[in-house]
Each structure stands twice: as structure tokens, then as C-alpha cells.
Amino acid sequence: MYYQTLLQRFGPQHWWPARSRLEVIVGAVLTQNTSWRNVEKAIARLRQEGLLQHRPLLNASLPALESCIRPAGYYRQKARVIKEFVTYLERRFGGSLRRLFRLPMMECRTQLLSLKGFGPETVDSVLLYAGGYAVFVSDAYTRRILSRHHRLPRDADYAETQAIIHRNLEPDRALYNEFHALFVTTAKTYCHLRNPNCAECPLEPDLPPLNERLYPASAKALPREIDRQVQRGEPE
Ligand code: SF4
């Protein structure tokens, strides 16, 4: 039900906004703890320097890479993560993403999770949007929306959210692709961390009764729930 409602309101989101699978992977690393606008600046610089291809990226010096991705923040750390990925790709698969993504999904997921800087959300974004595997990216926005609608336990973590979604949706990569993108758009447009705009949100008809809601009636009253989310550094 949510899917059709959101699709009707926002239309297809055309994710992931990238020209190649390597660009998806680099973007998934760069987007950690920063806005997409900053990622775009970093991607534009990488493109300008010809560093969105495997071999040039592998051969690039760390300072050159750091300089390109500086707009995305944490650039030293992220440059090392990107370098570790391309080095792994070279050693294990001769630089071929096609060979990497021939692995069964769980094996590919386990291998990527073993790389420094590749947490579950980054890995699942890579698997879904670069690898074409049917895995749901259950990010903070998704958890926020579903928990506010009592579709998840209050403190469901990434893995628990993903397991619930996987139990309730067909394993369909096109559906997962679009649905995740629609959740992100919904959260950014209406379901803000502190002050959700339910009155204009297309999911409003599915809200629990007023006295059972998890978010504040006014921006001044932050319940403990949201306080914790703010402290965890969840996106606005
Ligand atoms: S803004 Fe309100 S109605 Fe929309 S998803 Fe968030 S909690 Fe639900």
C-alpha cells in the first residue's frame, strides 16, 4: 500500500543517480555522513580527473584522491576506504565488477562487509544499486517512517528492519530499488526528524491515533525517543 501511494505522489525516482557501477560504489562510500549535494561535488571532481574508472582510481595517489573528494567530508578516511575497495577488486577479481557480482548475494555481502568502512547500509546500497541483487536498504529514513507508523518495534535496528521488510515483500530488486528511494524522498520532504509535516504527507491516512504517536506535537516537545535519535546523529 505504501509503495503505490508514494509512487503516485512522487513518481519514479530513477535511482541510483550514477553513470556506472563503480560510480555507484564510490557514491555509496562518499554519502556516509554528508548530504548528496556534497557527494555530487566530489563525484564531479573525480570525473574531471578521470578517476571514475577502475584502473586510474587504483593508480591514483591518496593525496590526489583526497583532494578530489574533499567536498564530501571525512575525505582522508573515505579515500582510504575507496582505495581499499579497488585494491580488493583488483586482487580478487582482476578489477572486474562483473566477476564480483557473479558471487551469490550472501557471499558477496559477507566479503564486502569485511572491508574497512563498508557497513551494512553501504554494502546493501552497493549490492542493490550496483550489483542488482534483491536486498532492501533499511536506512534511518525507512526505520523512522515505519516505526512512526508502528510497523516496526520502536528500537528496531538495521538488521531487524531489513528482516521484517524481507519477510513482507517479494524479493524484487526493481521494487526494492524504487521503494527505498521513495522512503528517502518522503523523509526528506515530510518526515523530518524533529518536526514531521504529516498534514501534507501522503502516508497520513495510515498514522496511528494521536495519543499513540512517537513524535512531538510541536517542535518544542522532543520526546525521549527522538532525543535518542538526534543523539545517534540521525539525518534530519
Ligand atoms: S510525515 Fe507523518 S504521515 Fe508522513 S511518514 Fe512521517 S509520520 Fe508518517
Side-chain angles (χ1 to χ4, degrees), residues 1-17 27-28 31-39 119-122 124-125 127-129 134-236:
M1 175 197 118
Y2 283 13
Y3 179 71
Q4 288 306 335
T5 305
L6 296 178
L7 191 61
Q8 229 170 2
R9 170 66 67 95
F10 296 113
Q13 299 296 295
H14 307 292
W15 273 36
W16 183 287
T31 199
Q32 295 169 2
N33 303 309
T34 194
S35 69
W36 187 252
R37 189 170 301 183
N38 292 334
V39 175
E121 187 178 329
T122 302
D124 289 339
S125 298
L127 291 173
L128 176 63
Y129 291 105
V135 62
F136 203 93
V137 183
S138 52
D139 68 341
Y141 292 134
T142 305
R143 296 200 297 279
R144 180 186 304 166
I145 292 169
L146 293 179
S147 65
R148 284 176 172 178
H149 284 256
H150 297 191
R151 303 281 179 180
L152 285 179
R154 285 182 176 205
D155 286 325
D157 62 10
Y158 185 94
E160 193 178 358
T161 305
Q162 188 181 58
I164 291 171
I165 292 173
H166 282 174
R167 271 202 304 276
N168 286 281
L169 288 181
E170 291 295 315
D172 177 337
R173 68 184 187 195
L175 173 70
Y176 288 4
N177 175 326
E178 196 63 57
F179 211 164
H180 169 62
L182 287 166
F183 272 138
V184 172
T185 300
T186 305
K188 287 186 171 175
T189 312
Y190 300 112
C191 202
H192 310 298
L193 182 58
R194 295 161 204 261
N195 224 357
N197 180 5
C198 300
E200 293 181 29
C201 178
L203 298 184
E204 194 275 340
D206 186 59
L207 273 175
L210 260 179
N211 61 345
E212 292 174 20
R213 293 185 191 174
L214 300 176
Y215 52 82
S218 83
K220 286 183 193 146
L222 275 191
R224 216 175 300 156
E225 198 83 22
I226 294 184
D227 239 355
R228 275 208 304 272
Q229 291 168 348
V230 172
Q231 277 163 21
R232 276 206 302 262
E234 286 203 10
E236 288 289 331

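Remember, it's 1-based here, ligands and their atoms both numbered in the order they're listed. A quick note: this is a predicted structure, and the numbers were derived from the prediction, not measured.
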- C198 near atom 4 (Fe) of ligand 1: N/O/S under 2.8 Å: no
- Item | Residue E204 vicinity, atoms of ligand 1 by number, heavy atom under 4.0 Å | 3 (S)
- Look up atom CZ in F179 and atom OH in Y2, then write down how far apart they are to the nearest 0.5 Å. 8.5 Å
- Which bit of R144 is near ligand 1, meaning a heavy atom under 4.0 Å away: side chain, backbone, both or neither? neither
- Query: Who passes side-chain contact (heavy atoms from CB on, under 4.5 Å) against Q8, sequence neighbours left out?
  - Reply: none
- Message: Working note: W16 + W36, criterion ring pair (Phe, Tyr, Trp, His ring centres under 6.0 Å); need CA distance, chi angles, decisive distance, verdict.
- Response: CA-CA 12 Å; W16 183 287; W36 187 252; 5.6 Å; yes
- Under 2.8 Å from atom 2 (Fe) of ligand 1, is there an N/O/S atom belonging to C191? no
- Query: Between the main-chain N or O of D206 and the side-chain N or O of H149, is there a donor-acceptor pair closer than 3.5 Å?
  - Reply: yes
- Note on the structure: D172 meets the salt bridge (charged side-chain N to carboxylate O under 4.0 Å, His left out) criterion, sequence neighbours left out, with none
- Y190 heavy atoms within 4.0 Å reach ligand 1 at atoms 1 (S)
- Task: State, without any angle test, whether R173 and Y129 hold a side-chain donor-acceptor pair at a distance under 3.5 Å.
- Result: no
- Message: Under 4.0 Å, heavy-atom basis, I'd like to know which part of L207 is in contact with ligand 1: side chain, backbone, both or neither.
- Response: side chain
- Is the distance between atom 8 (Fe) of ligand 1 and the nearest N/O/S atom of H149 smaller than 2.8 Å? yes
